[in-house]
Amino acid sequence: MKKTKLGELEELVLLTVVVLNEEAYGVEIKKTLEEKLGETLSVGSIQSSLKRMEEKGFLTSAFGESTGKRGGKRKRIYSATPYAHSVLNELKDIRTGLWEAMTQPIISFISL
Amino acid sequence: MHPPKWSHALLKFFVKKRFWEEIEGDMEEVFQDNLENHSVKRANRMYFLEVLKLLRPIIIRKIEGTQKLNNYGMLKNNIKIAIRSLIKQKGYTAINILGLSTSMAISMLIIIFIIDQGRMDEHNPAADRIYRVITEFDDAARDRVTPFGTSPYEFNQTVQFNLDVVEDAAQIISGAGVVTYDNKSFGYSGLHVSSNFIDFFAFDLIKGDKKIALKDINAVVLSSELALKLFADQDALGQLIEINDLGTFKVTGIIDNKNLNSHMSFDLLLPRQVFTQQETNKVLLSDWEGGSKRFYNYFRLDNSTSAGLLLTYLNDLNSTFPVEKQALYAFNIQRLDNINLGRLIKNEIGITTPNIISYFFIVLALVLILSASFNYMNLSIARGLTRAKEVGIRKMIGAEKRQIIVQFLVEAQLVTFCSLVLAFISLQLLVPVFNNLSLLDDINGAITMNFNSSMSVYAAFLAFTVFVGLVSGAYPAYYLSSFNSLNVIKGLSNSGKSPRFLFRKFLVFCQYSFSIIFIITTIILYQQAKLFANADYGFNYENVVNVPMPNIPYKSFRAELLQRSEIKGVSAVSELPVLSNFKEVFLINRNAGENESKSSMFSIDPYALENLGLSTIAGRNFKANLQDDEVNAILINEKALDVMGFENAEEALNQTIEIKTKTEFGGSSTKNRIIGIVQHFDYQFSFRESGPLVMNYDPSKLNMINIKIEGAAKLQAFEAIENVWETFDTDTPLEFELYQSNIYAIDKEFEELVGIVGIVAFIAILISCLGQVSMIIHHIQLKVKEIGIRKVLGANLWQLMFKLSRGFLVIILIAIMLATPLAWKINMFWTSKVYTAPDVSIGNLSVGIGLILIMAFMTMFVIIRKAVRQNPVESLKYE
């Protein structure tokens, strides 16, 4: 499979979408990733990743509910397509394979 | 709390429409979150930054293919419709185009004039780093700082060698004299220049090699004009000519002085050494102060930023001067391309155009354009009612207001572009006429550009056209697009009371006011011109020939001349009354302590009074022999009596008074005895007042000889003068001028000025009339049915006409009431500056008002009469 299908941020966003399930919309994704990565992300980067992935067929979306906080505007909830799931799994397998093939263990103090 | 408005608007501007809701929502949510942790200001800024970060390819909206096609299609459609509607209303279109093109032609003329002037010296690649040193003299007597284009001779060396940033220096010394070739002599005014002159100022020689042209001390470069005068068709290069008594010079180059494009003007160029090596000039080299000095220093710096260093250095130089001079003089610098159209400087090398002239012309152009634009606006709005249905239908099928505005703007632009074409054609005709004005000779103002080769001019015209189109079209577009489609289709139209109607009336009012002011001013200017032409200065200058005093014994010259029968009188003066300025002195009023009054003073010989037709009303004239008369004898005029506190002529006779002169370093005073009082005569050009006058007899100061000749035998008289001259001096050629023609020459310029204002006035009035005509026509069309019905019911013609014209009459009357005092004020202002000025009298004002009224009435009358006579059957047929 082509490595270029999914960029780094895109992969992260995609994973977050799967994690968040029904709450997967712009701001929530952003907040989750910021927390996990420990750095700030801009709305623009998240949005552009989401849109691009939707074009590539990894995501589908639909309007959700509106809230006062959003000035009455509805959220767009994203969900991963089966195709996305399969690509994610594939990537995970490739990575795991490489990690296990390492002869020199990388000492890591973070729990694996 | 809401997100910041502008940032939000920006977001909506570039984000794809289909993403708006979710992105706006997300942005707002983030904004609210931020507000919890940060100040409002901070949150706003973060919002803005986030908006900027939204600028990503996938989010930004594209001008999609269909949108592009749509815009293009609409434009084509708009143009088509505009053309059709313009053709449908041929009459109105013609009126608009006529008015606009006339005013545009004149404005464009003014634009090129100003561009041309502004471009002087710009052909020089180093124009932004060549600076001229000027001297600013603190004139205590006049309480202002007077700048001179000259500066000390030594500066050329001192500055060049002491200041590193100076790359090169050029020096110019002005001079004048006579040049002779093959027995033909002409006076010249020329420049002695350093050998790098031609290159430094980026001039070109049409003949000759500029690298060596000024190397030899015997070289001379002629202007093409002078070369033509001297050599006609012969090749001037290499020829030998005589200059004054300096000897023979070889022509090493010819320079085209018509296309110099520089602030300098000259007839010839000589090497600087010609001046500096003359013994008599050596003493002048250190004499740089005052009004008649002639050294010009230019420096080329390595960079325009070094100008500051140059200025500082000059200030340092100033402090090396003796203390009393330091306070009086300061040195400043002028950049080469800012010399023309810049400050008004004395001692200019050529003749430059000060910026006030360009401001004056700009104002003139603006007035005309505004007038024509007003017309267009008025017309468009007036005809709006006819277009109302069109607008209504467009709106109904979904046109946005913006699109309708665009439609009308396109129409306005179309009209303006047609006017541009017409204006451009007229311009080609106008430029030669303009260049022929002798008014321009004084300011080196002829338009020398060749427009076919200047892009910036075309760009300026284009920008100008678009501007005019926008100005004229904006308001009508806005007004017409705001029609309520429902009302329009129903048939309701705006009544005459709405504020928009008032605006149109205001426009007509403005046009009339302009016309009134113009007409009145022209009438008064015309009278002024006549006054100048008929001015009687009180002395006799008819049949008088003036000759500059030569190096020959005056007395014997005079005696010889008088032997000829054609010569009626010979006298001499220091300066010519009316044509030149006299020296300024101060008289003390003996009754009021140290009170000083200004007075003029000049020197005459004992024969001047009689020769110029003047007489003494008390006392006597100077004695024929200077030795026989008392020292310090003076004559005064009647006005001097008053300022000195004398009751009458008898009282003043034989009194001794003190006369003070003031120079830069203080003054001197002399005690003089009044031996006679002369009848009053005007010695200043009638522009200025001729005040007190003092005359003395100082042979060393006599510069001009006046020769009164037999009027009926002028040619013989000229010959006689020539003959006598030749017996005395065969070297210097005779130069003489008729006193009368010189005085007339000044008149001619003034007449031209009147002419120009007159023409502009005429055009402004024409435009107003056109405007009025169209307004009336339209007004009548609206009322066609009403007129028909009234006629059927029995109204008589006069009643109808009065009723129809009432509205316009009111506007005109108001315009007259308001504009007349304004016109009065404006004219009073400038006539107060002129000594012999016509009265801004009720008579003049009435004539102006009368003319306007007549024109207004005539146009109204003719049109309304035609309308009113129409057969009511015709107008009511389609009911």
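These values consider heavy atoms only, across backbone and side chains, with no hydrogens, waters or symmetry-generated copies. Not measured: the values here are computed from a predicted model. Order of the sequence lines fixes the chain letters, A, B, ..., with proteins taken first and strands second; residue numbering starts at 1 for each chain.
Side-chain contact between A/Ile29 and A/Leu50 is present, with heavy atoms from C-beta onward closer than 4.5 Å. Counting heavy atoms from C-beta on, the side chains of A/Arg52 and A/Phe58 never come closer than 4.5 Å. A heavy-atom distance below 4.5 Å is not found between the side chains of B/Phe464 and B/Leu420.
Going from atom CD1 of A/Ile46 over to atom NZ of B/Lys53 covers 11.5 Å, rounded to the nearest 0.5 Å. Note that the CG atom of A/Leu15 and the OG1 atom of A/Thr32 stand 12.0 Å from one another [nearest 0.5 Å].
With a 4.5 Å cut-off on non-hydrogen atoms, A/Ser45 touches chain B through its backbone and its side chain both. Using a 4.5 Å cut-off between heavy atoms, A/Glu28 makes no contact with chain B at all. Contact annotation for B/Glu21: both backbone and side-chain heavy atoms come within less than 4.5 Å of a heavy atom of chain A. B/Phe31 does not touch chain A: none of its heavy atoms, backbone or side chain, sits under 4.5 Å away. Interface remark: A/Ile77 contributes no atoms to any contact with chain B (heavy atom separation under 4.5 Å).
Each of A/Glu55, A/Lys30, A/Gln47, A/Lys75 has some count of heavy-atom pairs under 4.5 Å with chain B, and the biggest count is that of A/Gln47. Contacts with chain A were tallied for B/Met46, B/Gln32, B/His2; B/Gln32 has the most, counting heavy-atom pairs under 4.5 Å.
Exactly one of A/Lys73, A/Arg70, A/Arg76 qualifies for a side chain to side chain donor-acceptor pair (under 3.5 Å) with B/Asp26. That residue is A/Arg70.
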